[in-house]
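This report refers to the structure that appears directly beneath it.
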Amino acid sequence: MKSYKILVTGPFNAGKTTLVRTLCKEYLDTDKRVFQKAVKSMTTVALDFGIVKIDENRRVRLFGTPGQERFSFLWKTLSIGMDGYILMIDSGDLESVKEAEKIYRFFRISAPRTPHVIAVNKYDKPGFKMGCEDVRKLLEVPPMVPVKATMAINYNSALSLVNTLLKLIDKGGLVTLREEI
Amino acid sequence: MMSATYETFNMLIENIMVSCRGWLDAIAVVSEDGTPIAYNANIDFRPEFIAAATAAIGGAISAVIELLNAKSYEKVDIQLQDKRYLIIRSYKSHYVVGLTKPNPNLGFINLILEAYLSGRA
């Protein structure tokens, strides 16, 4: 069986842990209570981990990074050997995009040819939302990189996101895709 | 077909397990990217999860050491509440991670690990 390592990264409260838990029956939990007042009470301090069986021949190991910048030393560690990554953003939070910019810059420099997708998450929530094209412009996402509206709490939406990335990986990454365009 | 690496690591941990005379309940070799390479366990053991978490621990320890301007570490022994030890060693760009029985002969286990991981055994 072919095994893929996919990193799920993004700012605090973007939905990384939710994505892993939605897709994986069993998952590793390193959530701890948030010390300072925040929009949520728990946060990931080491990693999220889970395995998704895509079909009979393929499975994905999902490694979720902690979202808070003080844990940025783990981005490099957790990204070793990754086949691709998902950058998650909270579509209703402008701060989330600003934080995502730093993370995206880090991975664009440290893993420039690694296939990736941008997930504009929480698309189902009412109120202010950024569109995929807005996020593409703000983050200066290249045209060959998919930017997808996502609902991490929904299994089909989460799986579709992973499948989009797997297609990129199986095609041979961004270089091949750029040539196609 | 199993790779030479898998066979080598599998033999290594089997030898360590036997040489430790029952003090180890589980031992595994995992890669730095969190992939399980080989394991041997007498307990319920989920190699994929252990490998992912061990890689994160290894990375976090290296980060702390770097922040303290200290040299790289040789071994990690974590005493658990039931007096078992979680042991982690760096080995050829991999991690060897093990769990002992309660109140183990840690000196003896260290000697065995040092002998096998330095290639003296």
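Numbers restart at 1 for each chain; the letters A, B, ... are given by sequence-line order, proteins then strands. Worth knowing before you read on, the calculation uses all heavy atoms, side chains too, and leaves out hydrogens, waters and symmetry mates.
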Rounded to the nearest 0.5 Å, how far does [atom2] of [Y] lie from [atom1] of [X]?
{"X": "B:D33", "Y": "A:F63", "atom1": "CG", "atom2": "CZ", "value": "6.5 Å"}
{"X": "B:T35", "Y": "A:K5", "atom1": "OG1", "atom2": "NZ", "value": "6.5 Å"}
{"X": "B:I57", "Y": "A:T77", "atom1": "CD1", "atom2": "OG1", "value": "12.0 Å"}

Is it the case that one hydrophobic cluster holds both [X] and [Y], taking links as side-chain heavy atoms less than 4.5 Å apart, direct or via other members?
{"X": "B:Y95", "Y": "A:L78", "answer": "no"}
{"X": "B:M17", "Y": "B:Y39", "answer": "no"}
{"X": "B:L24", "Y": "B:L111", "answer": "no"}
{"X": "B:Y91", "Y": "B:V97", "answer": "no"}
{"X": "B:L12", "Y": "B:I109", "answer": "yes"}

Over all heavy atoms of both residues, which pair between B:A60 and A:F73 is shortest? Give the atoms and the distance, please.
-> CA-CE1, 3.7 Å

Shortest non-hydrogen contact from B:A56 toward A:L47 =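 Heavy-atom minimum between the residues: CB-CD2, 3.8 Å.
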
So, the side chain of A:R61 versus the backbone of B:F49: is there a donor-acceptor pair under 3.5 Å, distance only?
->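 Such a contact is absent between A:R61 side chain and B:F49 backbone.
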
Where on A:L28 is there a heavy atom nearer than 4.5 Å to chain B: the side chain, the backbone, both, or neither?
->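 Both backbone and side chain.
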
Using a 4.5 Å cut-off on heavy atoms from C-beta on, say whether the side chain of B:E48 contacts that of A:E26.
-> no

Let me know if B:S31 has heavy atoms under 4.5 Å from chain A in its side chain, its backbone, both or neither.
->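 Answer is neither: B:S31 stays 4.5 Å or more from chain A.
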
With a 4.5 angstrom heavy-atom cut-off, which part of B:A55 approaches chain A: side chain, backbone, both or neither?
->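 Looking at B:A55, just its backbone touches chain A.
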
Top residue by heavy-atom pair count (under 4.5 Å) with chain A, among B:G34, B:A52, B:G59?
-> B:A52

For A:K76, look at atom NZ and say whether over 12 heavy atoms of other residues, nucleotides or ligands are found less than 6.0 Å away.
-> no

How about B:Q79: does its CD atom have over 12 heavy atoms from other parts shown lying under 6.0 Å from it?
-> yes

